[in-house]
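Data first, discussion second: the structure below is written as structure tokens.
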Amino acid sequence: MTAEPPPTVVDVLIPVAVDTAYSYRVPKGLALAPGDFVVVPLGTRQTLGVVWEARSAGGDNLKQVVSREDWPPVREPLRRFVDWLAAWTLSPRGMVLRMAVRAPEFAGAEPVRIGLRRAGPPPTRMTPARLRVMTVLDSAEAEAVTSKKALAEAANCSAGVIDGLVDEGTLETVALPPDPLPPPPDPDATAVVLDPAQAEAAAALAARAAERRFTVSLLEGVTGSGKTETYFEAVASALRSGRQTLILLPEIALTAQFLDRFAERFGVRPAEWHSGVSVRRRARAWSGIASGEIKVVAGARSSLFLPFADLGLIVVDEEHEAAYKQDDGVSYHARDMAVMRGRFEEAAVVLASATPSLETRVNAETGRYGHLRLASRYAGRSMPALAAVDMRRDAPPRGRWISPPLAAAIADTVADGKQALLFLNRRGYAPLTLCRSCGHRFTCGQCSAWMVDHRFRGALVCHLCGYMERKPDHCPHCGEVDALVACGPGVERIAEEVATLFPDARRLVLSSDMPGGTERLRQELDGIARGEVDVVVGTQLVAKGHNFPNLTLAAIVDADVGLANGDPRAAERTFQLLQQVTGRAGRGEAPGRALIQTYQPDHPVMRALLTGDVERFYRTEIDARQRAGLPPFGRLAGLIVSATDRHAAETHARALARAAYAATGGDPLARAADAAPSIEVFGPAEAPIAMIRGRYRFRLLVKAPRSADLQGFLRRILAEGPKPTGSLRVAVDVEPQSFL
DNA sequence: CGCTTCAAAGCC
DNA sequence: GCTTTGAAGCGT
């Protein structure tokens with residue numbers, strides 16, 4: 001048996017928008033294997049890349065690899081995942097690799113932390129601030145080494161005082177070793193108490209997590225059934241077999257509350273991975289995950305690309321959440337990609353939700369996924385009592401939106417020292433402003449949608465394209481002063497109504513456009529959980545996987561919003577959202593109730609919510625999907641055209657639609673249900689335009705009965721259709737479906 | 001004829 | 001994605 005000759009040529013995938021791996025010559029004395037991080041020349045610059053393939057032949061006229069980075073290599077399952085994901089989303093492999101290597105790029109730059117310790121006699125000139133610093137240092141342990149910032153904080157002085165002491169020679173700086181990693185989560189840290197239904201599901205999941213085999217399970221449990229505690233037992237099982245776990249959460253659900261719950265069960269918090277984590281901590285986490293020392297990561301969708309050494313379990317919490325869809329750059333659905341990552345890693349995947357998506361339900365029903373159910377609430381707690389308020393009969397006074405029955409319910413709740421949640425999926429004060437004198441409607445100059453009154457900010461904002469202007473005091477059309485009227489409610493207006501009705505109640509408005517970003521939002525959510533608010537008025541983000549133990553009333557201000565917006569998922573989304581919101585009530589000791597204000601109490605979505613006949617709702621929706629050939633039975637993809645110029649985006653989208661119809665032999669710009677034999681294209685007329693991060697997006701939906709048809713078709717129109725120019729970009733977003 | 005601007009074409 | 005390149009636009 002002869003030893004394998006060392007590779008002389010390597011194909012290196014580079015994290016830029018290129019699909020092919022480039023070949024480089026390996027310099028003598030450098031041993032390279034697939035997965036190794038390398039620095040290679042690219043054009044005039046040098047860049048980081050990953051060895052994708054290694055060969056031992058030819059390559060004389062190639063450029064040479066510059067060096068090898070001493071980082072843990074990208075393991076084969078992750079490399080295959082990158083390849084697969086790129087093929088599935090029709091994006092360049094380099095762009096997918098980019099998502100996996102963004103963190104280690106910072107790793108090399110991790111700054112050394114500076115600590116301080118006593119080094120000499122007290123300063124000649126002692127001041128109160130200096131004395132405080134000395135006291136802090138003396139009271140600390142023998143090796144009193146802290147960071148400068150921490151020391152300054154402890155001594156209640158500025159960092160300048162400490163610098164002064166260093167100059168005097170009283171203190172000296174030392175390079176701190178990196179903080180030792182916290183101990184691994186302990187599967188036996190606490191005695192676990194589960195009710196029989198939970199215990200049964202937990203045992204099944206734990207068994208799968210111990211199997212070292214790819215499986216997918218749907219954990220479907222009503223709100224408050226203790227899904228989290230149940231899947232924690234799968235985590236414990238993975239820990240016992242020494243394998244790692246990834247818990248995927250929608251970004252917003254990654255709160256202190258979740259981490260604390262984890263810590264209660266396992267003794268320590270899991271490693272965190274989301275946009276709010278600092279570069280240094282991310283670099284630390286990255287290497288800990290790659291080395292296998294970090295056992296459990298709780299992360300947002302970007303954590304799908306982490307370099308796990310031995311991933312045994314992936315939990316996707318709130319699997320139905322639309323937030324799992326990544327829509328810029330590479331478009332992917334994190335839940336589905338989690339399933340595929342699990343497949344490549346031979347890991348168990350658990351999808352958890354109270355209101356699973358239709359495609360996951362179907363996958364469970366057909367036996368492709370395992371199906372575990374928790375039908376009732378944990379610890380004998382009951383589901384909230386549900387009631388509809390028929391707005392045709394119990395109408396609120398003119399210009400008000402809180403009906404008398406709802407107002408009474410809020411009054412009872414607050415009087416009882418409990419919390420009430422008013423849900424309305426509409427940001428701002430009022431969705432429409434018009435002039436009482438001439439009837440002029442304020443519309444967006446850029447995209448003709450209604451301008452939404454944001455009274456807190458004193459502005460009119462277009463929710464479609466983001467255009468914003470100061471709110472004028474006179475009508476721009478007829479010049480009349482003080483004639484502008486706000487029509488309809490937004491959360492701000494509901495909050496105003498609450499203030500009028502209950503002046504003494506502590507109120508909080510939560511909506512995604514709130515200043516302060518996700519960090520502030522997390523704090524507010526934690527604040528509500530601590531009972532610092534009486535009445536919360538919020539948009540959909542209050543629906544998301546948060547536990548408010550003191551909340552006993554959940555009310556839907558207008559349940560009909562979103563039912564008639566043309567989205568093929570409108571009914572499913574509305575049902576999921578409202579079910580999640582009503583499920584917020586009564587999670588603690590006290591029983592909860594939910595009120596649904598609607599003008600259509602007989603609508604199937606309301607019926608399902610009110611009667612709790614979820615099965616019938618799913619049945620109806622799944623049948624409708626099957627008839628329409630939509631996912632999970634047919635395939636749907638979006639061609640997303642985006643540009644900084646609206647006209648360019650629209651024109652290009654139309655041209656692409658034309659190319660698509662031509663390719664199907666169909667009739668351009670008509671809904672091609674009958675014209676196209678196998679591919680159906682919904683043209684731009686059906687596609688909403690939106691502005692995200694300064695770019696107009698136009699979406700062209702393409703429908704096909706089979707995945708292969710769709711992939712080939714998209715490839716063809718992308719190759720043969722009009723080429724995007726300038727700032728125009730085209731991305732492909734494949735809707736979730738069964739792909740296993 | 002030079003200088004700026006902007007989109008297109010490679011990158012091994 | 002980034003860098004180079006080359007053609008078009010504009011002014012002297």
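Order of the sequence lines fixes the chain letters, A, B, ..., with proteins taken first and strands second; residue numbering starts at 1 for each chain.
Summarising the geometry, the separation between OH on A/Tyr22 and P on C/dG1 is reported as 14 Å, rounded to the nearest angstrom. Rounded to whole angstrom, the span from the CG atom of A/Leu48 across to the P atom of C/dC2 amounts to 14 Å. Distance CD1 (A/Ile14) to P (C/dT3): 14 Å, rounded to an integer number of Å.
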request  = Tell me, with the steps shown, if A/Ser357 and A/Arg335 meet side chain to side chain donor-acceptor pair (under 3.5 Å).
outcome  = CA-CA 11 Å; A/Ser357 60; A/Arg335 178 243 295 146; 3.2 Å; yes
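We find the CD1-CG distance between A/Ile289 and A/Leu306 to be 4.5 Å, quoted to the nearest 0.5 Å.
Applying the side-chain hydrogen bond (donor to acceptor under 3.5 Å, both in side chains) rule to A/Arg457 yields the partners A/His454, A/Asp513; only residues at least two apart in sequence or on another chain are considered. With sequence neighbours excluded, the residues forming a side-chain hydrogen bond (donor to acceptor under 3.5 Å, both in side chains) with A/Arg55 are A/Asp11, A/Ser23, listed by chain and number.
Using a 4.0 Å heavy-atom distance criterion, A/Arg25 is classed as making no nucleic acid contact.
Judged by a 6.0 Å distance limit and a 45° cone about the ring axis, A/Arg341 is positioned over the six-membered ring of A/Phe81.
Taking the 5' to 3' direction, DNA chain B first and last meets chain A under 4.0 angstrom from a heavy atom at B/dA7 to B/dC12.
For the OP1/OP2 pair of C/dT4 and a distance below 4.0 Å, the side-chain nitrogens and oxygens of A/Thr44 include at least one atom meeting the criterion.
The only option from A/Lys325, A/Lys703, A/Arg635 that meets the side-chain hydrogen bond (donor to acceptor under 3.5 Å, both in side chains) definition with A/Glu735 turns out to be A/Lys325.
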